*Asks:* 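Before I ask anything, here is the structure I am working with.
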Number of protein chains: 2
Amino acid sequence: MSKQAKKLTLDDIAKLAGVSRATVSRVINKYPHITPDVRARVQKIISETGYQPNKIAQSLASQRTGIIGLVIPSATQTILSDPYFLHLISGITQKTNAYALTLSLFLFHSMDDEVQIAHSLFNTNLVDGLIITADRKENPFAQQVITQDIPFVVIGRSDLNTPLASVNVANEQGAYLATEHLITLGRRRLAIIMCDHNTAGDDRYAGYRRALADYDMAFDPQRVVCGDFSLESGYAAMQQLLSAKPDAVFVSSDMMAIGAQQAIRQAGLRIPDDIAVVGFDDLPQAALTDPPLTTIQQPIEELGMVAVDLLHDLMHDSAAAPRQVVLPIALIRRTT
Amino acid sequence: MSKQAKKLTLDDIAKLAGVSRATVSRVINKYPHITPDVRARVQKIISETGYQPNKIAQSLASQRTGIIGLVIPSATQTILSDPYFLHLISGITQKTNAYALTLSLFLFHSMDDEVQIAHSLFNTNLVDGLIITADRKENPFAQQVITQDIPFVVIGRSDLNTPLASVNVANEQGAYLATEHLITLGRRRLAIIMCDHNTAGDDRYAGYRRALADYDMAFDPQRVVCGDFSLESGYAAMQQLLSAKPDAVFVSSDMMAIGAQQAIRQAGLRIPDDIAVVGFDDLPQAALTDPPLTTIQQPIEELGMVAVDLLHDLMHDSAAAPRQVVLPIALIRRTT
DNA sequence: CTGAAAGCGCTTACAG
DNA sequence: CTGAAAGCGCTTACAG
């Protein structure tokens with residue numbers, strides 16, 4: 001407890017309680033068949049001394065560390081500007097706290113990091129399982145994980161054509177609803193700010209196209225611009241789009257939508273009168289843009305929570321068939 | 001490597017290379033005095049087999065895990081809406097990657113979590129060191145850490161009156177500059193949206209007061225409102241402030257400033273004509289608000305990087321005097 | 001420069 | 001229900 005005290009071990013507790021180390025270990029691990037007397041005696045010593053088992057020794061002996069890794073292989077730039085990841089992490093930590101798991105976080109700041117981290121994660125017995133955000137279409141890290149003997153779950157769709165445990169939201173359907181909403185409003189010159197190199201971006205683009213087709217709306221490649229989910233890229237994309245004179249734009253993330261709104265205003269146009277905007281995410285800030293942003297709500301925290309649930313199941317029953325969960329989305333109408 | 005293969009151990013490598021486990025261990029740990037031949041032979045086997053040492057076993061034997069913990073004891077709500085933390089985490093992971101340390105993340109979602117996490121972190125030998133964001137004035141967790149025998153560094157000032165390793169930015173001076181800027185602009189009815197229960201908030205408030213005093217400006221408690229660093233709270237605070245008819249407001253975080261701008265616009269007032277706004281942080285989104293936000297730039301990523309540097313030093317030389325680093329800030333003029 | 005041996009602090013069959 | 005013992009896979013004085 002205090003600074004100087006030499007740390008107590010199982011052995012010390014065993015001696016103090018007059019039992020074997022095995023018994024103390026069983027008490028700590030809540031093994032059911034222990035004489036109540038003995039259990040009480042051991043517990044008393046433990047609480048009196050403030051003994052805490054050495055987690056590393058427990059891990060080595062039990063072959064489980066209770067650590068799970070969260071790997072976010074996105075470009076750092078994207079991560080930085082998108083509160084999405086904060087919500088995801090929040091959902092994940094809620095569950096890891098509940099399961100008494102420890103979360104380790106792995107971000108790549110360079111190609112080198114990717115190699116280094118893969119190296120330190122695979123075959124080192126450090127983590128019991130992995131959660132991977134698989135937004136990038138090119139995802140060499142995820143490719144590697146498949147070949148490893150480690151439970152993992154993927155957040156977002158993955159094109160790894162293997163049955164994997166995964167959680168995702170109904171991206172295609174969300175984009176469809178958003179686009180349909182704009183069409184229903186009477187808009188005719190629809191545009192999209194999408195995100196390439198990203199599976200969620202692809203799915204949302206597909207939903208946009210499907211809605212256009214279903215409603216016999218013209219598709220004009222001039223009115224398609226790519227961003228990278230960042231605020232800045234949404235701003236730049238909208239500036240580019242302006243010359244194509246859209247009267248509505250579906251932006252596939254709220255941060256990009258906020259940037260797009262800014263570009264529209266700066267061009268002296270009115271929202272939604274001149275250009276209607278619909279986003280995707282429903283971040284808290286979406287309700288406070290000018291005007292408030294109509295958007296597709298996706299349950300980001302829940303995404304994280306379900307990921308941990310799936311992983312937890314996998315870790316305790318490796319024979320379990322990997323489950324794919326798709327969470328529902330909803331259109332949140334604000335401005336229009 | 002592949003799914004079925006039973007994992008190799010030091011012993012296996014030793015046998016394959018015809019040396020002792022000690023020698024293999026020395027090669028792995030880059031012990032300098034090894035016969036080149038022997039080293040080469042061992043390394044060949046290691047790379048041929050793809051052997052990776054078991055990190056847990058290494059940790060138990062060496063009494064170091066290479067894991068450091070990042071503890072963010074802020075209210076979850078605050079964390080979620082503030083990209084600040086993303087930048088901080090980014091800075092931290094850049095350095096942990098460089099030092100080949102593993103980062104574990106601890107967020108509190110309830111009072112119970114706080115107890116649980118403290119319990120699992122202290123005296124369990126899991127982490128080699130801790131980084132704590134000490135923004136809350138009431139910080140029982142930080143108080144506890146002090147009594148533990150574990151290296152740690154605090155991000156943000158702490159009122160724990162002990163010489164601690166810490167990194168911070170010049171909050172007071174930043175607020176002073178921001179306020180001075182508004183005064184120099186000719187504004188006379190200054191207001192502040194501050195953040196209570198938070199040491200950074202306190203420091204910034206102090207800088208505001210000092211500038212007011214230096215320039216003989218009236219201080220009106222009517223023109224002081226508290227938020228919690230979230231966008232929503234900035235919005236609400238500004239609405240409240242409106243009746244006091246300020247002509248300028250220093251908002252002690254960018255997210256709150258963005259919320260405040262929104263409230264001003266919604267009230268039909270112009271920025272900066274009717275009310276000038278200065279923020280604090282210089283998040284990427286500050287450059288894209290309407291109008292672009294003048295703000296105090298603080299090097300958030302660097303805060304995280306320095307924290308890891310300090311901790312790294314502490315872990316390798318526990319006798320080292322804990323250092324206090326204060327990073328400079330700068331006024332970024334945009335709109336006015 | 002290298003090896004034999006002890007040790008890190010636990011867990012978990014195996015007996016009884 | 002409980003204990004003795006082996007084992008988890010490494011590191012590191014200690015000799016030589």
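Please read all numbers here as calculations on a predicted model, not as lab measurements. Sequence lines set the chain letters: A, B, ... in the order given, protein chains first and strands last, and positions in each chain run from 1.
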*Asks:* Compare side-chain N and O positions of S62(B) against OP1 and OP2 of dT12(D) and report whether any pair is under 4.0 Å apart.
*Replies:* no
*Asks:* Taking the side chain of V38(B) as its heavy atoms from C-beta onward, which of dT2(D), dC8(C), dT2(C) lies nearest to it?
*Replies:* dT2(C)
*Asks:* Go nucleotide by nucleotide along DNA chain C from the 5' end; which of P32(B) and I28(A) gets its closest nucleotide reached first?
*Replies:* P32(B)
*Asks:* Mind calculating the distance between CD (Q58(A)) and C1' (dT11(C)) to the nearest angstrom?
*Replies:* 9 Å
*Asks:* How are the rings of H33(A) and Y31(A) set to each other: parallel, tilted or perpendicular (split at 30° and 60°)?
*Replies:* perpendicular
*Asks:* When all nucleic acid strands are considered with a 4.0 Å heavy-atom cut-off, which category describes I34(B): base, sugar-phosphate, or nothing?
*Replies:* sugar-phosphate
*Asks:* In terms of side-chain heavy atoms, does S104(A) have a donor or acceptor partner in S104(B) at a distance below 3.5 Å?
*Replies:* yes
*Asks:* Check the phosphate of dG9(C) against Y51(A), side-chain N and O only, distance under 4.0 Å to OP1 or OP2. Yes or no?
*Replies:* no
*Asks:* Whole-Å distance between dC10(C) P and K55(A) NZ?
*Replies:* 13 Å
*Asks:* For T23(B) and S20(B), does a side-chain donor sit closer than 3.5 Å to a side-chain acceptor?
*Replies:* yes
*Asks:* Check every strand shown and say whether N29(B) touches a base, only sugar-phosphate, or nothing at a heavy-atom separation below 4.0 Å.
*Replies:* sugar-phosphate
*Asks:* Any side-chain donor paired with an acceptor under 3.5 Å for N123(A) and Y51(B)?
*Replies:* no
*Asks:* Under a 3.5 Å distance rule, please check whether S25(B) uses its side chain to pair with a backbone N or O of R21(B) as donor and acceptor.
*Replies:* no
*Asks:* Round to the nearest Å and state the distance from R39(A) atom CZ to dC1(D) atom P.
*Replies:* 10 Å
*Asks:* In terms of the nearest nucleotide of DNA chain C, which residue is placed more toward the 5' end: T35(B) or A61(B)?
*Replies:* T35(B)
*Asks:* Starting at atom CG of N54(B), determine the distance to atom P of dT11(D), rounded to an integer number of angstrom.
*Replies:* 10 Å
*Asks:* Considering every strand shown, what is the Watson-Crick or G-U wobble mate of dG16(D) when both distances are under 3.5 Å?
*Replies:* dC1(C)
*Asks:* Heavy atoms from C-beta onward define the side chain here; which of dG9(D), dG3(D), dC10(C) lies closest to that of P53(A)?
*Replies:* dC10(C)
*Asks:* Just how far, in rounded Å, is C1' of dG9(D) from CD of Q52(B)?
*Replies:* 14 Å
*Asks:* To the side chain of T9(A), which of dT2(D), dG9(D), dG9(C) is closest?
*Replies:* dG9(C)
*Asks:* Of the listed nucleotides (dT2(C), dG7(C), dG7(D)), which one gets closest to any side-chain atom of T23(B)?
*Replies:* dT2(C)
*Asks:* If you only use heavy atoms from C-beta on, which nucleotide in dT12(C), dT2(C), dG3(D) is closest to the side chain of Y31(B)?
*Replies:* dT2(C)
*Asks:* Need one value for S25(B): base, sugar-phosphate or nothing, where a base atom within 4.0 Å counts as base even if backbone is also close, heavy atoms only.
*Replies:* base
*Asks:* Counting side-chain heavy atoms from C-beta on, which of dT2(D), dA4(C), dG3(D) comes nearest to S20(A)?
*Replies:* dG3(D)
*Asks:* To the nearest angstrom, how far is R21(A) atom CZ from dA5(D) atom P?
*Replies:* 11 Å
*Asks:* Taking atom P of dG9(D) as reference, at what distance in whole Å does atom NZ of K7(B) sit?
*Replies:* 8 Å
*Asks:* In whole angstrom, what separates N123(B)'s CG from dG9(C)'s C1'?
*Replies:* 14 Å
*Asks:* Heavy atoms from C-beta onward define the side chain here; which of dC10(D), dT12(C), dC10(C) lies closest to that of R64(A)?
*Replies:* dT12(C)
*Asks:* Looking only at side-chain atoms of L10(A), point me to the closest of dT2(D), dC10(C), dC10(D).
*Replies:* dC10(C)
*Asks:* If you check every side-chain atom of R26(B), which of dT2(C), dA4(D), dG9(D) has the closest atom?
*Replies:* dT2(C)
*Asks:* Before accepting this row, confirm whether a basic side-chain N of the pair K7(B)/D149(A) lies closer than 4.0 Å to the acidic partner's carboxylate O.
*Replies:* no
